[in-house]
Amino acid sequence: MNPEIFRIRHRCAGPVSVLFTAFLAASLLLTVLTVGAEASVRMRKNIDDLTPQELAAYEHAIDVMRQKSLANKNDRAGYLWQAWVHNCNGVPVPDSGAAVPIAADPAKNGWFSDADAFCPRMKAPPAGFHTEHPGMCEHAKDLFLPWHRAEFFYYEQALRAADPEGRTGPSTRGVTVPYWNFTQTPTGVRFPKAFENRESPLFYPGRTEGPLTEEDRQRTSPYLLAYLIRDLKWPQFGGYQVGGPGNYGAFEAMIHNYMHDTYIGGVLDTPTTAGLDPIFFSYHAFIDYILEEWIDSHAASEITSPNQYLRGQQSPAFQSPPGFVPGTGVQTMGQVKNYLDIKALGYGFDGGGRPQFLSEADLTRLTTAYDAENKQGFGQAPQSFFTYLLSEGGARGYHSGATPAVVQSVPVVLPSGAPDSLAAVELVRKPLHQGYSYQADVYLHPASVPADLKDDAFRSRYLATSVNYWELSGPGHDHGDMTETRLTAAVQQPVASIQAGALRKEAWMMTVGITPAGPAARPDDFDQPRLTAIPAQ
Amino acid sequence: MTMDRPSFEQDIRPIFAPYVACMKNVVLTDDDGAAEMDLASYDCVVRFHQPIRVALTGYRPGSTAPHPMPPGGALPDDKIDLFLMWVETGMAR
Ligand SMILES: [Cu+2]
């Protein structure tokens with residue numbers, strides 16, 4: 001292969017763009033023609049675009065849902081149950097069906113106390129109680145994005161049912177979850193303004209504070225997001241089927257997990273508490289928009305496990321999605337295939353007349369520029385393509401990972417690049433008593449170049465990928481011991497670039513730097529990382 | 001047990017006994033619906049033998065299980081192999 005014509009992108013931009021433009025024109029026309037018929041489609045707006053009245057209605061809906069939970073923590077239309085749909089596998093509910101009132105915690109801005117709100121220990125229910133199963137969220141597999149979409153389908157019904165007649169405030173009949181586009185400069189110090197108003201029910205104490213760090217900016221790079229959306233096919237983007245060749249999708253590992261444990265923090269630190277903070281819903285509303293953008297750029301038919309049911313027990317007063325067929329056994333939120341057409345589900349996304357994502361053309365411009373500047377390929381270019389995406393095409397270099405707690409270097413043989421296979425790194429953390437979230441920076445470098453992670457130039461040049469693991473153990477998930485964790489991350493692009501470049505005959509090393517969020521990591525917490533080849537599908 | 005054909009009641013159920021109460025909190029789903037993960041129930045273990053296999057073998061090299069089970073470390077190899085053999089030989093009651 002001629003390194004001169006090496007290209008980063010998998011897709012053929014020319015014809016796709018033409019086709020895409022034609023498709024866009026056609027769908028615009030269709031939108032104009034059918035706009036009357038679609039009056040029932042509710043739009044989710046950017047939270048910064050809400051009118052004061054719309055914001056007040058959203059806050060009122062959350063406040064009423066909160067009151068419902070205070071009157072009875074097991075009310076499925078209440079905020080707490082809706083948070084539990086995300087957070088908890090099982091909760092004890094009185095056999096009598098009696099309401100269980102709880103008190104607001106004055107230290108928590110009107111929210112529930114941790115004792116009431118955190119998931120109970122996973123054990124048999126006490127006498128007079130039985131276990132009900134609010135959820136919980138799916139992660140590290142292909143169900144991740146569809147599951148959260150299903151959760152929102154019901155959560156929005158709970159919002160609208162809060163006070164449709166407007167008895168105690170603005171009517172909630174038309175409320176949708178406003179999304180937070182975290183790839184754009186925040187209107188508050190760190191979050192959208194609405195979430196930083198301490199008087200609002202949208203405020204939940206304990207989040208990370210202060211202005212964005214350089215690392216926050218890199219992890220929320222719109223170029224990285226656009227690359228993942230436009231260039232990655234389903235399993236690589238959205239996650240692999242259980243028992244399949246991988247686990248986490250790239251979006252989950254590269255952006256989603258970092259946002260939870262570092263950018264937002266607080267109760268979003270762990271999946272077993274994340275739903276308690278209303279910022280969770282606006283954060284994930286944008287992730288649902290991302291899923292829709294991926295579907296628009298690819299095809300919903302590529303999404304795996306279409307028939308699988310999605311766990312979650314919701315109020316029978318709420319509607320099921322169109323096409324819902326109840327499965328055997330306990331109640332669910334329906335199947336993946338019920339959630340692939342948002343128009344049929346009755347909602348859409350309002351971009352507010354401005355782009356919320358970088359386009360195919362923007363991305364092509366960036367990657368063409370990268371190709372032109374870095375013809376030598378991975379290892380010779382001063383910035384790896386991944387660094388380039390994170391720094392939005394600027395020359396800022398890689399700002400993260402300079403002081404990892406654990407560093408492991410191993411010699412690697414580059415996978416041969418068989419068609420339909422992907423080079424991937426396998427990271428394994430041994431079972432620990434106290435688990436933690438961490439970031440893993442993966443560098444590929446010639447054995448002749450010592451790994452100097454303190455050196456910005458080294459990190460920027462040799463960064464193959466960077467992924468985050470989000471710790472699953474938390475309140476209610478405490479088994480006494482924590483299980484081993486595995487994270488598989490594709491590094492196909494840098495490996496293909498090496499193989500197309502002049503350095504392909506070098507002996508290569510892989511160095512992984514682990515930076516934990518929170519408690520210290522010990523050098524022997526991790527197995528030796530492995531570079532391997534996995535089937536692409 | 002008969003060495004060549006393990007049975008759920010004699011061979012598999014005792015392996016899972018310590019994890020029954022905890023795992024009953026968890027709902028698993030498939031293409032047919034959903035159920036409480038009752039590791040003491042033959043029908044339930046048969047129904048979800050695939051994800052159970054993935055989780056139990058999750059500590060082995062080459063596994064992709066993001067969170068191998070049980071927590072705290074792998075079952076002894078002979079127990080995992082017994083489960084695999086039970087699946088392979090038709091999951092006798
Ligand atoms: Cu999340």
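For clarity, every value in this text was computed on a predicted model and none was experimentally measured.
Of all heavy-atom pairs between B:Pro68 and A:Arg486, the closest is CG-NE, 4.4 Å. Across all non-hydrogen atoms, the minimal contact from A:Tyr309 to B:Asp31 is CE1-O, 3.5 Å. Taking each heavy atom of B:Val27 and A:His133 in turn, the nearest pair found is CG2-CG, 3.3 Å.
Both the backbone and the side chain of B:Ala34 come within contact range of chain A, each with at least one heavy atom under 4.5 Å from a heavy atom of that chain. For B:Asp32, the parts sitting under 4.5 Å from any heavy atom of chain A are the backbone and the side chain alike. Using a 4.5 Å cut-off between heavy atoms, A:Thr328 contacts chain B through both its backbone and its side chain. Of the two parts of A:Ile534, neither the backbone nor the side chain holds a non-hydrogen atom closer than 4.5 Å to a non-hydrogen atom of chain B. Contacts of B:Ser63 with chain A are made by both backbone and side-chain atoms, with heavy-atom separations under 4.5 Å. The contact between A:Gln308 and chain B is made by backbone and side chain atoms together, counting heavy-atom distances below 4.5 Å. Proximity to chain B is absent for every atom of A:Pro125, based on heavy atoms less than 4.5 angstrom apart.
Residue B:Lys24 places its NZ atom among 12 or fewer non-hydrogen atoms of other residues, nucleotides or ligands, all under 6.0 Å distant. Heavy atoms from other residues, nucleotides or ligands lying under 6.0 Å from CG of B:Asp78 number more than 12.
Ring pair A:Tyr248/B:His67 is perpendicular by interplanar angle, where above 60° counts as perpendicular and below 30° as parallel.
Note: B:Met37 CE to A:Asn89 CG = 12.5 Å, rounded to the nearest 0.5 Å. Separation of atoms CD (A:Glu138) and OG1 (B:Thr29) is listed at 6.0 Å; rounding is to 0.5 Å. Interatomic distance, B:Asp30 CG to A:Asn307 CG, rounded to the nearest 0.5 Å: 10.5 Å.
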Discussion item. Let's go through A:Lys123 and B:Cys22 carefully: what are the C-alpha distance in whole Å and the side-chain angles of both, what is the deciding distance for side-chain contact (heavy atoms from CB on, under 4.5 Å) to 0.1 Å, and is it a yes or a no?
Written reply: CA-CA 5 Å; A:Lys123 56 181 186 185; B:Cys22 173; over 6 Å; no

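Counting only distance, with no hydrogens or angles, the side chain of B:Thr64 and the backbone of A:Gly244 share a donor-acceptor pair below 3.5 Å.
Side-chain contact between A:Thr131 and B:Asn25: present, with at least one pair of heavy atoms (C-beta onward) separated by less than 4.5 Å. Contact of the B:Val26 side chain with the A:Arg311 side chain is registered, since non-hydrogen atoms from C-beta on lie closer than 4.5 Å.
Considering only heavy-atom pairs separated by less than 4.5 Å from chain A, the leading option among B:Gly58, B:Ala55, B:Ala21 is B:Gly58.
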